[in-house]
Amino acid sequence: MTNTKDARRFWLMKSEPDECSIDDALAAPKSTVPWTGVRNYQARNFMRDEMKIGDGVLFYHSSCPEPGIAGIAEVASATRADPTQFDARSDYFDAKSDPEKPRWLLLDVKALRKTRLLSLAELREDPELADLTVLKRGNRLSITEVNASDWKRILQLLK
DNA sequence: GCCAACGTTGGC
DNA sequence: GCCAACGTTGGC
């Protein structure tokens, strides 16, 4: 199987470092964390339909003093139900989700390494990254695709 | 804490 | 199925 449909793809995943930073992910067993709390259908569908084990992930810190890319990770599992949707004490509880037909999914993300913080400001300054989805105005999606050339460029900036 | 942008909800 | 109101995200 070598057609382009099966090529490795790349993603940017936002995490609030207060909840799960790149350090937290690296400290987890097997450096792997369940990506809990996605409550947006578009992001869920990316996980369910598009993301494959081994896909590259930019681990992005959001809602924090220094937002930006903080590490490199990879997709480490297929999707399964996100258990927090059924936990009434969880911030991510969803009373409308039927356990027989879970509305929200998660997948495992394996942290590979921490990088220097490539800040949002620095990303914006790079003309080569002009089409990076996370830089687009009004973007709020917690999972966005990164094209291969932007991925390459970002790894270069992180060297 | 502000607020722009965007997704979701629910009345009709 | 429209769309106004409301809630959330997330940088600043």
State yes or no: are the ring centers of A/W104 and A/F86 separated by less than 6.0 Å?
no

Partner residues of A/E19 under the side chain to side chain donor-acceptor pair (under 3.5 Å) criterion, sequence neighbours left out
A/Y92

Length of the CZ-C1' vector between A/R137 and B/dC3, whole Å
13 Å

Please tabulate the protein-to-nucleotide N/O contacts below 3.5 Å involving nucleotides 10-12 of chain C, giving atom names and distances.
| from | atom 1 | to | atom 2 | distance (Å) |
| --- | --- | --- | --- | --- |
| C/dG10 | OP1 | A/K14 | NZ | 2.8 |
| C/dG10 | OP1 | A/R140 | O | 2.8 |
| C/dG11 | OP1 | A/Y60 | OH | 3.1 |
| C/dG11 | OP2 | A/S63 | N | 3.0 |

What is the distance, rounded to the nearest whole Å, between atom CD of A/Q42 and atom P of B/dA5?
18 Å

Could you give the CG-to-C1' distance, from A/L135 to B/dA4, as a whole number of Å?
17 Å

Those residues that, when tested against A/E50, pass side chain to side chain donor-acceptor pair (under 3.5 Å) (two or more places apart):
A/R9

Show me the donor-acceptor pairs within less than 3.5 Å that the side chains of residues 147-159 of chain A make with the rest of the protein, sequence neighbours left out.
| from | atom 1 | to | atom 2 | distance (Å) |
| --- | --- | --- | --- | --- |
| A/N147 | OD1 | A/S149 | N | 3.2 |
| A/N147 | OD1 | A/S149 | OG | 2.9 |
| A/N147 | OD1 | A/D150 | N | 2.7 |
| A/N147 | ND2 | A/D150 | OD2 | 3.4 |
| A/R153 | NE | A/D126 | OD2 | 2.7 |
| A/R153 | NH1 | A/Q156 | OE1 | 2.9 |
| A/R153 | NH2 | A/D126 | OD2 | 3.0 |

In whole angstrom, what separates A/N40's CG from C/dT9's P?
9 Å

What residues, two or more places apart in sequence or in another chain, satisfy side chain to side chain donor-acceptor pair (under 3.5 Å) together with A/E74?
none

Run the side chain to side chain donor-acceptor pair (under 3.5 Å) test against A/Q42 and tell me which residues pass, sequence neighbours left out.
none

May I have the distance from A/W104 (atom CH2) to B/dG7 (atom C1'), rounded to whole angstrom?
10 Å

